[in-house]
Amino acid sequence: MSTTFFAGGGTAGHVNPLLAVADRLTEREPDAEVLVLGTAEGLESRLVPMRGYELLTIPRLPFPRKPNAAALRFPGGFLGAVRRVEQIIRDRGVDVVLGVGGYAAAPAYIAARRTGTPIVVHEQNAKPGLANRLAAFLTDHVGLTFSNTRLRHGRVVGMPLRREIESLDRRAVRAEGLAEFGLDPARPVLLVTGGSSGARSINRTVNRSAATIVGAGWQVLHVVGGKSDIGPSDLDGYHVLPYCDRMDLAYAASDFVVSRAGAGMVCELTAVGLPSVLVPYPVGNGEQRHNAKDVVDAGGAVLVADAEFDEDWVTFQLLNILQDRARIADMTVRAGSVGHRDGADRMTDLVLDAGRTPASRTRPSGTSTTEER
């Protein structure tokens, strides 16, 4: 029986692919043991036990960005986390450590290195995080989601997706999707979503433009997120949901999407072949703009800056796209051309390959034989 230690979390973007690989690994090897390392504050604290896997936690330790009291405490806290993970690796007989980024990943990588345990990395975003940049010097088992990611030893495997997404046949279950959300089969559907928490600027613009979009012959399925104050609407054809736990059916019912450009969303849209307007989150390191590059370059999506996505843009740009059914059909094909549906299988292959590797193959960074991407 093999034991794989999955490390990372914090957000759905980290937790969902982690769970997808864990599920696929246990499907292939039913006697495999899966342990997950995370924090008590991240989404993993709820989602991992819900999926039936054992969660072990360490303190949440953000990397200090400026000299202050937290920076002084960081080295001791980090070393303590590494020692705890080392102990877990030894006590539980861990064979492979798979990190997906997030607060728990860096201590796991260092602990694996110190115990001689093979390391596997999956990087979700086009711009890799600090922990995964470090890990890429410690292993040659590095899976990438996007072709434009620059990470040592990286190979494109795609995003590990939930089974219901990677196997979705939109045409076959479209009627079920329309019925699930009370949509009119005679009118095309625009899906709008900003993620589980919502996207305030997208929500505001679409809410104010709903009558214009509906007046153009479309209906809107608007998933506003759990933190939004936008409530139900009495406008015929404008359907507001606080959240959606059947995104597979939402995709099946939809003809076009307006969304943020988070890695998970971009990968799900391309996997199922849905054209989109992508509005990258304007805060942070700009990773969402980079996440969108492959599908935008392929012609399957249009990128618009958050500050430009207003009512005028909807009226003069979005409606022009929605009224051009030939363009939407072409974008649908182009979106699907860059999608990957086998990311979970390809990452599981990396895990199994690393598990067959003697611990000594986790080489010092100076001995790499693989060209850096």
Side-chain angles (χ1 to χ4, degrees), residues 10-13 65 124-129 145-146 148-149 189-216 218 220-231 233 235 238-244 250 254-270 274-324 327-328 331 334-335 338:
T11 66
R65 303 293 181 179
Q124 293 86 28
N125 289 297
K127 292 187 71 173
T145 299
F146 299 107
N148 60 322
T149 303
V189 177
L190 173 67
L191 172 64
V192 180
T193 177
S196 59
S197 296
R200 183 176 301 173
S201 58
I202 294 177
N203 283 346
R204 180 178 61 248
T205 293
V206 171
N207 182 256
R208 293 174 178 175
S209 305
T212 301
I213 299 170
V214 170
W218 282 68
V220 181
L221 180 60
H222 189 175
V223 184
V224 296
K227 296 182 179 180
S228 175
D229 58 0
I230 296 176
S233 171
L235 175 64
Y238 180 47
H239 305 260
V240 177
L241 297 177
Y243 60 91
C244 178
S254 301
D255 299 276
F256 201 87
V257 179
V258 172
S259 172
R260 285 290 191 220
M265 177 58 68
V266 171
C267 292
E268 289 188 355
L269 294 179
T270 55
L274 267 172
S276 60
V277 163
L278 298 174
V279 188
Y281 185 53
V283 180
N285 64 3
E287 65 187 25
Q288 289 201 358
R289 178 173 291 273
H290 294 275
N291 292 343
K293 185 177 187 304
D294 284 351
V295 65
V296 171
D297 287 351
V302 173
L303 196 70
V304 56
D306 186 82
E308 297 175 7
F309 187 73
D310 56 18
E311 293 168 73
D312 283 343
W313 200 93
V314 170
T315 300
F316 298 107
Q317 302 295 329
L318 179 59
L319 286 190
N320 281 341
I321 299 173
L322 298 183
Q323 291 169 344
D324 189 343
R327 181 178 180 183
I328 290 176
M331 289 179 68
R334 293 173 181 272
V338 296

[X] [atom1] to [Y] [atom2] distance, which is reported to the nearest 0.5 Å:
| X | Y | atom1 | atom2 | value |
| --- | --- | --- | --- | --- |
| M265 | N291 | CE | CG | 12.0 Å |
| I328 | F256 | CD1 | CZ | 6.0 Å |
| F316 | D310 | CZ | CG | 10.0 Å |
| L318 | T212 | CG | OG1 | 10.5 Å |

For the pair T205 (side chain) and F309 (backbone), establish whether a donor and an acceptor sit closer than 3.5 Å, ignoring hydrogens and angles.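 Yes: the side chain of T205 pairs with the backbone of F309.
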
Side chain of S228, backbone of G225: donor and acceptor closer than 3.5 Å?
->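 Such a contact is absent between S228 side chain and G225 backbone.
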
For the residue pair [X] and [Y], what are the closest heavy atoms and their distance?
| X | Y | answer |
| --- | --- | --- |
| G299 | M331 | O-CG, 3.4 Å |
| A292 | L278 | CB-CD1, 3.7 Å |
| L319 | A216 | CD2-CB, 4.0 Å |
| E311 | S209 | CG-OG, 3.5 Å |
| H290 | N148 | O-ND2, 3.3 Å |
| S254 | L274 | O-CD2, 3.5 Å |

A side-chain contact here means heavy atoms from C-beta on lying under 4.5 Å apart; do [X] and [Y] qualify?
| X | Y | result |
| --- | --- | --- |
| H222 | N203 | yes |
| V314 | V206 | no |
| N320 | R327 | no |
| T193 | C244 | no |

My understanding is that only residues two or more places apart in sequence, or in another chain, count here; which of them pass side chain to side chain contact (heavy atoms under 4.5 Å, CB included) with [X]?
| X | value |
| --- | --- |
| V338 | T270, V295, A298 |
| Q317 | W313 |
| A305 | R289, E308 |

Partner set under side chain to side chain donor-acceptor pair (under 3.5 Å) for D306, not counting sequence neighbours: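 Side chain to side chain donor-acceptor pair (under 3.5 Å) list for D306, sorted by chain: S201, R260.
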
query = Residues in side chain to side chain donor-acceptor pair (under 3.5 Å) with S276, at least two apart?
reply =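 With sequence neighbours excluded, S276 shows a side chain to side chain donor-acceptor pair (under 3.5 Å) to no residue whatsoever.
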
Can you name the residues that form a ring pair (Phe, Tyr, Trp, His ring centres under 6.0 Å) with W218, not counting sequence neighbours?
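Testing W218 for ring pair (Phe, Tyr, Trp, His ring centres under 6.0 Å), a comparison that skips the adjacent residues, returns none.
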
For this session: Would you mind telling me which of L221, N207, I213 makes a side-chain contact (heavy atoms from CB on, under 4.5 Å) with Y238?
Result: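 It is N207, the one option of L221, N207, I213 that forms the side-chain contact (heavy atoms from CB on, under 4.5 Å) with Y238.
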
